2 protein chains.
Amino acid sequence: MTVTLADVAARAQVSPATVSRVLNGNYPVAASTRERVLRAVDELDYVLNGPASSLAAATSDLVGILVNDIADPFFGIMAAAIQSEIGGPGGRAGGERLGVVCNTGGSPERELTYLTLLQRQRAAAVVLTGGAVEDNAHASAVAAKLRKLAEAGTRVVLCGRPPAPEAAEAIALTFDNRGGGRQLTEHLIGLGHRRLGYIAGPEERTTTRHRLEGHRAALAAHGIDDDPRWTVHGRYDRRSGYETTLELLRRDPSLTAVVAANDTVALGACAALRDSGLRIPDDVSVAGFDDLPFSIDAVPALTTVRLPLSEAGARAGRIAMGREEPPPGGIATVRGELMVRGSTGAPRV
Amino acid sequence: MTVTLADVAARAQVSPATVSRVLNGNYPVAASTRERVLRAVDELDYVLNGPASSLAAATSDLVGILVNDIADPFFGIMAAAIQSEIGGPGGRAGGERLGVVCNTGGSPERELTYLTLLQRQRAAAVVLTGGAVEDNAHASAVAAKLRKLAEAGTRVVLCGRPPAPEAAEAIALTFDNRGGGRQLTEHLIGLGHRRLGYIAGPEERTTTRHRLEGHRAALAAHGIDDDPRWTVHGRYDRRSGYETTLELLRRDPSLTAVVAANDTVALGACAALRDSGLRIPDDVSVAGFDDLPFSIDAVPALTTVRLPLSEAGARAGRIAMGREEPPPGGIATVRGELMVRGSTGAPRV
DNA sequence: CTGTTAGCGCGTTCAC
DNA sequence: GTGAACGCGCTAACAG
């Protein structure tokens, strides 16, 4: 049979309450007693019963991390950073918290399902990463969920996601996608480009919209034409980048630059251009977003906007653990940094 | 205050037990009653208390997925596939299980910690992915943990990991790293290569050892020299691939091929070769392993061994859920497939 | 098909 | 500094 706290108590010749106290370390216990208890724990190979403990304490050691696509390093890097701040001491019972990542696959339903599941588990905290779907019904549903979670004592942190106006309890670390997008396009404009293709991400997503808005703001600021044919939407993957680039070239072969929604898409774009016999950046410049590790290895290396994914994730993790003060007002904007590399150059004349 | 099952029962004018039954769906309940209960659940916005439920039932809906590096698509892809099979119906209470991925970062201690945490939570199942560390002490510790978990009713599945002899309860879906490594090197030998550099993964890891053994078996089978200078160990990342390739070139500039431990490392190798003024494959051929999505986009496209990560992950997920029969003997070997692409060719003469 | 009765294993008041 | 007693919210036998 499975060993319980009572067994440990019997072996250590103390009461169950005492065992509980040394395990949780939240109460003064005589050193000798503590040692005796720990020895018993060790000898019996006792493992605390999480559910029982959570039930009695009305809170658990679980911390949920929601990501849109776990196979995408963008999320993997953030998730790793968040989890690394959660694993450490700080929780109840031995000081170990269980940071777990949940893959929504970008689906609003799964996002809600996971939130409900975490709510059911009485999670200590929840971190939502990446862009949100811009559907009003869904946004309200999520906001309502977040409010309930917060009410129940679950800390809610958004990382790389815009603040949720309807759920003000949620701390938000937002990426400045708009500013980054603008910087990037201004860089290209500065090089002399006037005919810029733009591969946007999936519609109805905040990240997509903000990056695109930044791009357009740059164009507008310089009085540059924004031909609707030059913008096309796709998924955040390489194949989509490949296909949409071919589409852009079909629509207007005279484009001199292609700006992609993210680095992965940009790589697909590069492949499509090469396969079309175009040189980068001599014939067409290409730019990405995020500065994922592989971007510097592309040939030529990718001009992009670096987002401090690890730093932001770590900070979100610490806030979720209550180890760092939330930013004033509950909202902080994290800026990107333009990384100019070989994939962009002056347009051909 | 938080709504409890009793509140729902009162509102629906039934007993708590009945509510529990409709929620778990494991017991016959009259349609009209069920509907009344569900309505009450909805009206009260009731969410089951997971810990309480797990305590009473002595099992939880949690399924843990352990990965070595969540930022590496190799693991991301497997984790996504596993999780997708877990999310669906099949669990208790509404049929939803909570599939969660835990990032060990390749650290044996964290691996054990996570296993303990999952044990504490009375997880329904645990899936361990990727290679294991080959340290005897650690291996025994993990095996002991797995045995305990299995005893407590947790299903244990290894995915892309060799069987654990000391924990025979664990179902294993193993990748044929040895066979894949051998095929790959034989392909190069067939092209005429006789001086082959090999960038192995971190020492003391099963994956590293098996792939290297396959490589050496191919060399031996063809009576080819295996100069110790031609093998070097590194991490499973791109930077390591870059640096170790430079090291290989330093040791012997006459190498005509470089075989990398995985695709990521191979990309680093390609960059190092290019930066050294060598053409691929004209001067040096390069091969990887895994066939991650980006490999086909490298220039030239990478010759590699495709591992069916998604399929294997999905299968592991189904087995963990008890929805698919484990393989006979509890062990199945998953083979890789050689993908010949542009990065390998005949050696220069 | 449904209600009643006991715990599940632990945290937390209280006393001592 | 330590023990005793109670209850967290739910499920699992039993009855009926």
Side-chain angles (χ1 to χ4, degrees), chain A residues 1-38 40-41 44 46-61 91-95 119-122 124 152-153, chain B residues 1-38 40-41 44-62 91-95 119-122 124 152-153:
Chain A
M1 273 320 298
T2 135
V3 183
T4 76
L5 194 149
D7 299 329
V8 176
R11 195 175 220 296
Q13 317 215 44
V14 294
S15 76
T18 302
V19 178
S20 170
R21 293 198 259 255
V22 339
L23 256 28
N24 288 306
N26 294 332
Y27 270 90
V29 174
S32 64
T33 316
R34 139 178 284 104
E35 198 172 329
R36 207 144 31 91
V37 169
L38 289 179
V41 165
L44 292 171
Y46 169 68
V47 174
L48 193 62
N49 183 317
S53 156
S54 297
L55 173 57
T59 171
S60 86
D61 282 339
R92 296 167 40 260
Q119 180 185 10
R120 177 181 296 180
Q121 300 292 337
R122 305 301 187 252
Chain B
M1 272 318 297
T2 135
V3 184
T4 76
L5 192 148
D7 299 330
V8 176
R11 197 176 218 300
Q13 317 214 44
V14 294
S15 74
T18 301
V19 178
S20 170
R21 292 198 263 255
V22 339
L23 256 28
N24 290 306
N26 293 331
Y27 228 78
V29 174
S32 64
T33 316
R34 138 179 284 105
E35 199 174 327
R36 206 144 33 90
V37 169
L38 289 178
V41 165
L44 294 169
D45 211 5
Y46 170 68
V47 175
L48 194 60
N49 183 317
S53 158
S54 299
L55 172 58
T59 172
S60 84
D61 282 340
L62 209 65
R92 297 168 37 262
Q119 179 185 11
R120 177 181 297 181
Q121 299 293 336
R122 305 300 188 252

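Treat the numbers as computed from the prediction; the structure is a model and nothing was measured. All chains are named by letter (A, B, ...) in the order of the sequence lines, taking the proteins before the strands, and each is independently numbered beginning at 1.
- One finds a side-chain N or O of A:Ser53 lying less than 4.0 angstrom from the OP1 or OP2 phosphate oxygen of C:dG11.
- Residue B:Leu55 is classed as a base contact, given a heavy-atom separation below 4.0 Å to a base.
- Atom pair B:Leu23:CG and D:dT11:P shows a separation of 7 Å (rounding to whole Å applied).
- One interatomic measurement links the two molecules: OH of A:Tyr27 to C1' of C:dC14, which rounds to 11 Å at whole-angstrom precision.
- With distances taken from any side-chain atom of B:Asn24 to the nucleotides D:dA4, C:dC10, D:dT11, the minimum falls on D:dT11.
- When the options A:Val3, A:Val37, A:Asp7 are evaluated for a side chain to side chain contact (heavy atoms under 4.5 Å, CB included) with A:Tyr46, the one that passes is A:Val3.
- Residue A:Ala56 places its side chain closer to C:dG9 than to any other of C:dG9, D:dG3, C:dC1.
- Nearest-nucleotide positions on DNA chain D for A:Ser32 and B:Pro16 put A:Ser32 closer to the 5' end.
- Among the heavy atoms of the strands, none lies under 4.0 Å from A:Ala58.
- Remark: B:Thr18 is in phosphate contact with C:dG3, judged by side-chain N or O atoms under 4.0 Å from OP1 or OP2.
- The side chain of B:Ala57 sits closest to D:dA12 out of D:dG9, D:dA12, C:dG3.
- At distances below 3.5 Å, at least one donor-acceptor pair connects side-chain atoms of B:Arg36 with backbone N or O atoms of B:Ala12.
- We find that CG of B:Asp61 is positioned 10 Å from P of D:dT11, with the value rounded to whole Å.
- Taking 4.5 Å as the limit, some side-chain heavy atom of B:Val19 sits within range of a side-chain heavy atom of B:Val14.
- The separation between B:Leu48 atom CG and D:dG9 atom P is 12 Å, rounded to whole Å.
- Summarising the geometry, the separation between CD on B:Glu35 and C1' on C:dC1 is reported as 17 Å, rounded to the nearest angstrom.
- Computed from coordinates, the B:Arg21 CZ to C:dT2 C1' distance equals 6 Å when rounded to whole Å.
- B:Thr59 contributes no side-chain N or O that, together with a main-chain N or O of B:Ala124, makes up a donor-acceptor pair within less than 3.5 Å.
- Among the heavy atoms of the strands lying under 4.0 Å from A:Ser20 is at least one base atom, whether or not backbone atoms are also near.
- Using a 4.0 Å heavy-atom criterion, one finds that A:Val14 contacts the sugar-phosphate atoms exclusively.
- For B:Ala30 and A:Val47, each mapped to the nucleotide of DNA chain C holding its nearest heavy atom, the one lying further toward the 5' end belongs to B:Ala30.
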Practice problem: Check step by step if side-chain contact (heavy atoms from CB on, under 4.5 Å) holds for A:Thr33 and A:Val22. | Solution: CA-CA 9 Å; A:Thr33 316; A:Val22 339; 5.7 Å; no
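- Nucleotide D:dT2 holds its P atom 15 Å from the CG atom of A:Leu5, rounded to whole Å.
- Residue B:Thr33 places no side-chain N or O under 4.0 Å from the OP1 or OP2 atom of C:dC1.
- Taking atom CG of residue B:Asn49 and atom C1' of nucleotide C:dC8, one finds them 13 Å apart after rounding to whole Å.
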